[in-house]
Protein chains: 2
Amino acid sequence: MGRTPTGQTREQVFQLMRERLLAGQPPTVREVQEAFGFRSVQTARAHLEALVSEGRLDKQSGRSRGYRLADSAVLVTGEDRIAPPRLVPLLGRVAAGAFGLAVEDLEGYLPVQSDRVGANEELFGLRVRGESMRDAGILPGDIVIVWRLPSVEDGAIVVALVGEEATIKRLRRRGERIELHPANPDYAVMTPDPDTLQVLGRVIEVRRYLD
Amino acid sequence: MGRTPTGQTREQVFQLMRERLLAGQPPTVREVQEAFGFRSVQTARAHLEALVSEGRLDKQSGRSRGYRLADSAVLVTGEDRIAPPRLVPLLGRVAAGAFGLAVEDLEGYLPVQSDRVGANEELFGLRVRGESMRDAGILPGDIVIVWRLPSVEDGAIVVALVGEEATIKRLRRRGERIELHPANPDYAVMTPDPDTLQVLGRVIEVRRYLD
DNA sequence: CGGTTTAACATACAAATGTATGCTATAAAT
DNA sequence: ATTTATAGCATACATTTGTATGTTAAACCG
């Protein structure tokens, strides 16, 4: 087969890889071969290995479907490397479970990107119910992205279970106790009994869909 | 190895699969085996096949790493399939260009998911600058996701260029003219000259990162 | 209790998949 | 024009990975 201008096919291979990898479906070498109609596996493999050398892809040698987007290719905000987007569950409500969260009312999944949250750490989305954080720009129907953390620093906006009820508030430590501050003068500061309080994690993002 | 209570391991296998699949890294049967310390591949495979029978996983027979989340497990907003996430450019500011937008101050890319916006239609993210939409929960530093549209319906929140300045407001049609309404009593309604007004598109999402 | 289901194990095989080597022809560079 | 680097082809091989068959023992249920 005739050869194409230098670098052109390579770019298209990378585009395909990015698309497939972001969709969570890493291709095999032979799938790449077929996608481009190469008559030889090796042609596809050469392109993939070249992309690895260029630092645009990473690979896990030997493993099937082992190519991944290199960190640098996933994205850059200014100088920073950025983690690949992941999908986190969107819950309609949360309830206390024996361990972890009871995944009830799963509404769907949200693509979330964060450099600070490790791949093994837990994230979830939660739909906002009251107006208690109105003045912080968190309105009913909004979605908060929550980073599950065993302990949360003072001043952060958190999701907490008070008894059976989930609530979003700003956390303030007062000695041994924890205060939950609303951002709305119509609501009162809560100072729940430590036994009934379970801080689930910290809000790292707020979203509103305006359909 | 002793057997665990019925259904318990199955659930944990599903959790693992969900996590890995959402992270874009479909495991092999043997990876599942190792993750749980099974001494036999078949044990892992039996669980996976069972999950397929239960409708919680789908699989592509024969393909390596061929297990996927079943649609019912991945997503359900009502009955709809959901579009794959895409990456849209985040702009620090927008400026009028000869045609389209001048992509200046590219800050990075954002993963966005929308069923309503076609794959060929243009989206961009824009960082919010003033307080003019405060009461709509759109605060300085927030990011709005904008759907580039030639015409925008009455009542939608839009990004518009008035002269050289980009602004976010609610659009109201008044006969021939277009009014741009702030959501903050401290700001005035704008009724720009049609020659100096260019509506760039509609805001479909608002995001705030609380890092 | 006794029968049935299910978790888990062991082993083998076939298909999918990654890898290696050698070759040809054309674009790109000097 | 000559050299060099790159695109692409062909084929073979080793490993990974999916699949099948048979066995054992514990959980579950009437």
Side-chain angles (χ1 to χ4, degrees), chain A residues 1-21 23-70 73 98, chain B residues 1-21 23-70:
Chain A
M1 216 50 180
R3 61 174 288 183
T4 54
T6 305
Q8 181 173 302
T9 306
R10 173 109 68 249
E11 191 58 32
Q12 290 175 17
V13 171
F14 179 71
Q15 299 295 340
L16 173 77
M17 290 300 286
R18 198 176 76 158
E19 208 172 297
R20 294 286 305 272
L21 289 170
Q25 308 202 339
T28 64
V29 178
R30 280 176 180 78
E31 284 173 0
V32 174
Q33 177 196 349
E34 283 171 31
F36 285 88
F38 297 138
R39 298 192 195 170
S40 166
V41 207
Q42 191 49 26
T43 302
R45 205 174 109 82
H47 280 296
L48 292 172
E49 291 299 325
L51 285 167
V52 171
S53 296
E54 294 168 13
R56 307 180 72 184
L57 293 181
D58 282 338
K59 76 174 286 197
Q60 303 167 288
S61 245
R63 301 244 167 263
S64 73
R65 304 174 188 274
Y67 291 91
R68 294 289 179 273
L69 283 176
Chain B
M1 212 51 181
R3 65 172 286 183
T4 55
T6 306
Q8 181 175 301
T9 307
R10 173 94 20 103
E11 191 58 31
Q12 289 175 16
V13 171
F14 179 70
Q15 300 294 341
L16 173 76
M17 290 299 286
R18 197 178 73 165
E19 212 170 292
R20 294 286 306 271
L21 289 170
Q25 308 203 340
T28 64
V29 177
R30 279 175 180 79
E31 283 173 359
V32 174
Q33 177 197 349
E34 284 171 29
F36 286 88
F38 297 138
R39 298 193 195 168
S40 167
V41 209
Q42 192 50 27
T43 302
R45 205 174 109 82
H47 281 296
L48 291 171
E49 290 299 325
L51 285 166
V52 171
S53 296
E54 293 169 13
R56 306 180 73 183
L57 293 180
D58 282 338
K59 74 173 288 197
Q60 304 168 287
S61 247
R63 301 242 166 264
S64 73
R65 304 174 188 274
Y67 291 91
R68 295 289 178 275
L69 284 176

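Reminder, nothing fancy here: chain letters follow the sequence lines and each chain counts from 1. Hydrogens, waters and symmetry mates play no part in the numbers below; they use all other heavy atoms, side chains included.
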Taking the nucleotide of DNA chain C with the closest heavy atom to each, which residue, B/F38 or A/G62, is nearer the 5' end?
B/F38
Looking across every strand, which nucleic acid part, if any, lies under 4.0 Å from A/R10 by heavy atom: base, sugar-phosphate, or nothing?
sugar-phosphate
Does a nitrogen or oxygen in the side chain of B/R45 sit under 4.0 Å from OP1 or OP2 of C/dA8?
no
Side-chain N or O of B/S61 less than 4.0 angstrom from OP1 or OP2 on D/dT19?
yes
Nearest heavy-atom approach of B/A50 to B/R10 is CB-NH1, 3.2 Å
Does the side chain of B/S40 get closer than 4.0 angstrom to OP1 or OP2 of C/dA10 through an N or O atom?
no
Answer yes or no: does a side-chain N or O of A/T4 lie under 4.0 Å from OP1 or OP2 of D/dG8?
yes
Whole-Å distance separating the CD atom of B/E31 from the P atom of C/dT17
14 Å
Whole-Å distance, B/R39 CZ to C/dA8 P, equals 12 Å
Can you tell me how far apart CZ (A/R68) and CZ (A/R63) are? Round to the nearest 0.5 Å.
11.0 Å
What is the distance, rounded to the nearest whole Å, between atom CD of A/E49 and atom P of C/dT19?
6 Å
Hey, could you give me the CG/CZ distance between B/L16 and B/R18, rounded to the nearest 0.5 Å?
11.5 Å
Gap between atoms CD and C1', on B/Q33 and D/dT19 respectively (whole Å):
14 Å
Base, sugar-phosphate, or nothing for A/R65, non-hydrogen atoms under 4.0 angstrom?
sugar-phosphate
Mind calculating the distance between CD (B/E54) and P (C/dT5) to the nearest angstrom?
16 Å
Could you tell me whether the phosphate oxygens of D/dT6, OP1 or OP2, come under 4.0 Å of any side-chain nitrogen or oxygen in A/H47?
no
With a 4.0 Å limit, can you tell me whether B/R30 has a side-chain N or O closer than that to the phosphate oxygens OP1/OP2 of D/dT17?
no
So what does A/S64 hit on the nucleic acid, given a heavy-atom distance under 4.0 Å: a base, only sugar-phosphate, or nothing?
sugar-phosphate
Could you state the atom-to-atom distance from OH of B/Y67 to P of D/dT17 in whole Å?
14 Å
List the atom of B/R20, the atom of B/P27, and the distance in Å for their closest heavy-atom pair.
CB-CG, 3.7 Å
Tell me the interatomic distance from A/Q25, atom CD, to C/dT17, atom P, rounded to whole angstroms.
13 Å
For residues A/S64 and B/S64, report the shortest heavy-atom separation together with the two atoms involved.
OG-OG, 3.4 Å
Atom-to-atom span, CD of B/Q60 to C1' of D/dT19 - whole angstrom:
16 Å
Listed nucleotide nearest any side-chain atom of B/Q42, set D/dG22, D/dG8, D/dG18
D/dG22
Counting only side-chain nitrogens and oxygens, does B/K59 get under 4.0 Å of the OP1 or OP2 atom of D/dT17?
no
Please lay out, stage by stage, how B/F38 and B/H47 fare under the test ring-ring contact (aromatic ring centres under 6.0 Å, His included).
CA-CA 11 Å; B/F38 297 138; B/H47 281 296; 5.7 Å; yes
Report yes if at least one side-chain N or O of B/T28 is closer than 4.0 Å to OP1 or OP2 of D/dT16; otherwise report no.
no
